[in-house]
2 protein chains.
Amino acid sequence: MEITISSQVKDPERIRQRRAEIVRAAVGLFAEKGFHRTTTREIAQASGLSTGALYEYVASKEDVLFLVCRHIHHTILQQLKASLAVEGPAVQRLRQSIQAFIGVMDSMQDEVLLIYQESKSLPSPFLHEVLRQESEITQVFDNLLHEGIRDGSLRTSPKNVPLLAHDIVVAGQMWAFRRWALNTMDFADFAASQTERLMEACGS
Amino acid sequence: MEITISSQVKDPERIRQRRAEIVRAAVGLFAEKGFHRTTTREIAQASGLSTGALYEYVASKEDVLFLVCRHIHHTILQQLKASLAVEGPAVQRLRQSIQAFIGVMDSMQDEVLLIYQESKSLPSPFLHEVLRQESEITQVFDNLLHEGIRDGSLRTSPKNVPLLAHDIVVAGQMWAFRRWALNTMDFADFAASQTERLMEACGS
DNA sequence: GAGAAGTGACCGAGCGCTCAGTCAGTAAAG
DNA sequence: CTTTACTGACTGAGCGCTCGGTCACTTCTC
């Protein structure tokens with residue numbers, strides 16, 4: 001069910017490396033100018049390829065956007081899941097994950113904004129895959145919340161869990177998509193305040 | 001300091017009517033296909049004008065986007081401020097406004113999404129004006145919170161107020177920009193849950 | 001009141017240009 | 001020699017915006 005982007009090039013390792021370069025270049029360009037104002041020539045040049053060579057690794061400009069979005073979500077999810085590898089009651093691991101997540105949002109502001117603003121330009125199957133990945137992030141918190149209710153460390157009803165999970169994700173992401181208004185605020189303050197507020201909302 | 005869009009047409013009332021048509025048409029098109037995939041021909045046709053006539057009322061495609069964004073914010077602010085015209089302690093008016101705001105977000109899902117996804121395409125002075133309008137919305141809640149602290153109906157510190165105001169706005173807007181994930185949920189449930197959670201966070 | 005002159009909103013073909021994607025040819029590797 | 005990766009000039013569709021022209025309506029002239 002994993003979507004694969006076809007390539008003219010045979011060597012899988014070469015594909016992996018070149019596409020990593022393409023994604024790295026495209027993230028910068030898309031974040032700066034947006035998807036539509038970025039040309040395929042610019043992407044090619046910034047990844048050290050010619051126009052033609054770029055099209056050996058992707059079939060369309062939309063493919064590039066999809067690779068970018070997938071990479072971003074993959075990175076976020078990887079870092080988020082790493083933060084789960086601690087012992088203790090669910091409430092403690094929840095706090096840990098919220099802090100970790102907000103930290104990731106801080107380090108990936110451009111990327112988060114990019115997904116909010118440009119994912120609409122993805123062809124439908126790509127968009128669905130990207131939204132599925134986004135759900136995976138929410139699901140991490142969903143699971144933690146249910147665990148906390150089960151082990152008694154969180155006092156809230158299971159029927160609140162789905163929305164609470166979304167609230168956590170959005171509370172973290174807003175540091176990225178509302179930085180134009182929040183940049184008067186210190187990041188450490190933001191992270192601490194949001195974490196406390198969310199933990200309380202979760203019944204900690 | 002209000003930004004004015006110049007027009008070749010002399011009659012101000014005619015400008016008002018035609019631009020209202022242009023905005024109405026453009027909101028639909030931008031929401032459906034996005035700013036960049038919508039052509040000026042489509043905007044003209046959907047507003048009952050020819051390509052040339054459209055350019056009697058705006059100087060560029062970006063002008064249309066700005067008129068659209070300004071109109072959306074104006075509508076939101078108007079409805080939000082209408083909800084303030086009640087008596088009682090601040091805590092009660094806060095609850096009223098939060099509920100009203102979430103209701104507006106529900107009725108303007110496409111429009112809210114549009115601003116999130118397309119405002120990036122605005123030329124800098126237009127973007128600043130749009131962000132200023134967005135701040136005005138946050139400011140409504142900011143003021144209410146301060147009032148509530150002053151009259152003793154809210155138990156929270158003034159230093160939390162700015163972030164709380166943003167949390168309220170974002171908690172409402174997420175109904176629009178995450179509907180792909182939230183549409184399994186009943187709107188009434190969403191509105192009730194978010195209102196309770198936010199009121200508690202505000203120290204009610 | 002009839003005709004002439006002027007006004008301003010509107011029309012839409014088309015200009016100038018951009019840009020995603022192609023393909024004939026080159027280079028390198030084995 | 002064959003295969004694979006790469007090159008970059010080229011194509012053609014599409015788009016924002018323009019501009020010469022039209023026409024309904026108003027104002028002026030006698």
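Protein chains get the first letters and strands the later ones, always in sequence-line order, with residue 1 at the start of each.
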Without decimals, in angstroms, what is the distance between [X] [atom1] and [N] [atom2]?
X: A:Leu54; N: D:dT7; atom1: CG; atom2: P; value: 11 Å
X: A:Asp11; N: D:dT3; atom1: CG; atom2: P; value: 18 Å
X: A:Gln17; N: D:dA5; atom1: CD; atom2: C1'; value: 14 Å
X: A:Leu29; N: C:dA20; atom1: CG; atom2: P; value: 12 Å
X: B:Leu49; N: C:dA9; atom1: CG; atom2: P; value: 12 Å
X: A:Glu56; N: C:dT22; atom1: CD; atom2: P; value: 11 Å
X: A:Gln8; N: C:dC23; atom1: CD; atom2: C1'; value: 12 Å

Please name all residues satisfying side-chain hydrogen bond (donor to acceptor under 3.5 Å, both in side chains) with [X], sequence neighbours left out, ordered by chain then number.
X: A:Gln117; result: none
X: A:Glu136; result: A:Arg132
X: B:Ser47; result: none
X: A:Glu147; result: A:Arg93

Tabulate below the donor-acceptor pairs under 3.5 Å that side-chain atoms of residues 14-30 of chain A make, not counting sequence neighbours, or state none.
from, atom 1, to, atom 2, distance (Å)
A:Arg16, NE, A:Glu13, OE1, 3.2
A:Arg16, NH2, A:Glu13, OE2, 2.9
A:Gln17, NE2, A:Glu13, OE2, 3.2
A:Arg19, NE, A:Tyr57, O, 3.0
A:Arg19, NH1, A:Ile5, O, 3.3
A:Arg19, NH2, A:Ile5, O, 2.8
A:Arg19, NH2, A:Ser6, O, 3.3
A:Arg19, NH2, A:Tyr57, O, 2.8
A:Glu21, OE1, A:Arg24, NE, 3.4
A:Glu21, OE1, A:Arg24, NH2, 3.0
A:Glu21, OE2, A:Arg24, NE, 3.2

(request) Examine D:dT7: is either OP1 or OP2 under 4.0 Å from a nitrogen or oxygen in the side chain of A:Tyr55? Give yes or no. (result)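 False: A:Tyr55 side-chain N/O out of range (4.0 Å or more) of D:dT7 OP1/OP2.
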
(message) Looking at C:dC10, I'd like to know if its phosphate oxygens (OP1 or OP2) sit under 4.0 Å from a side-chain N or O belonging to B:Tyr57.
(response)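 Result: yes.
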
(request) Mind jotting down which residue pairs meet the salt bridge (charged side-chain N to carboxylate O under 4.0 Å, His left out) criterion with at least one end in residues 30-54 of chain B? Sequence neighbours excluded, please. (result) A:Glu62-B:Arg37, B:Lys33-B:Glu42

(request) Quick one: which residue pairs count as a salt bridge (charged side-chain N to carboxylate O under 4.0 Å, His left out) with a foot in residues 44-54 of chain A, not counting sequence neighbours? (result) none

(message) Under a 3.5 Å cutoff, is there a donor and acceptor pairing between the side chains of A:Gln8 and A:Tyr55?
(response)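 Their side chains do not contain a donor-acceptor pair, so the 3.5 Å distance test is not met.
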
(message) Assess, by modelled atom type and distance only, whether the side chains of B:Gln92 and B:Arg95 contain a donor and an acceptor separated by less than 3.5 Å.
(response)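 On atom types as modelled, these side chains do not qualify, holding no pair under 3.5 Å.
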
(request) Could you pull out all residues at least two apart from A:His128 that satisfy ring-ring contact (aromatic ring centres under 6.0 Å, His included)? (result)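 Result, ring-ring contact (aromatic ring centres under 6.0 Å, His included) vs A:His128: none returned.
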
Would you be so kind as to tabulate the donor-acceptor pairs closer than 3.5 Å made by side chains of residues 67-81 of chain A, with sequence neighbours excluded?
from, atom 1, to, atom 2, distance (Å)
A:Arg70, NH1, A:Ile3, O, 2.8
A:His73, NE2, A:Glu134, OE1, 2.9
A:Thr75, OG1, A:His71, O, 2.7

(request) Go through residues 34-48 of chain A and report each residue with a non-hydrogen atom lying under 4.0 Å from DNA chain C, sorted by number. (result)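 Heavy-atom contacts with DNA chain C come from A:Thr38, A:Thr39, A:Thr40, A:Arg41.
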
(message) Report for the helix from C:dG1-D:dC30 to C:dG30-D:dC1: angle between first-end and last-end helix axes, five pairs each, rounded to 10 degrees.
(response)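 About 20°, once rounded to a multiple of 10°.
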
(request) Among C:dG21, C:dA13, C:dC11, find the nucleotide with the atom closest to the side chain of B:Ala53. (result) C:dC11

(message) Taking the minimum atom-to-atom distance to the side chain of A:Arg14, which one of D:dA5, C:dA9, C:dG21 wins?
(response) D:dA5

(message) I want to confirm an ordering. Mapping B:Thr51 and A:Ala59 to their closest nucleotides on DNA chain C, which one lands closer to the 5' end?
(response)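 Between the two, 5'-proximity favours B:Thr51.
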
(request) Treat primed atoms plus P, OP1 and OP2 as sugar-phosphate and everything else as base, then score nucleotides 24-30 of chain C 5' to 3': B for base contact with protein heavy atoms under 4.0 Å, S for sugar-phosphate contact only, - for none. (result) -------

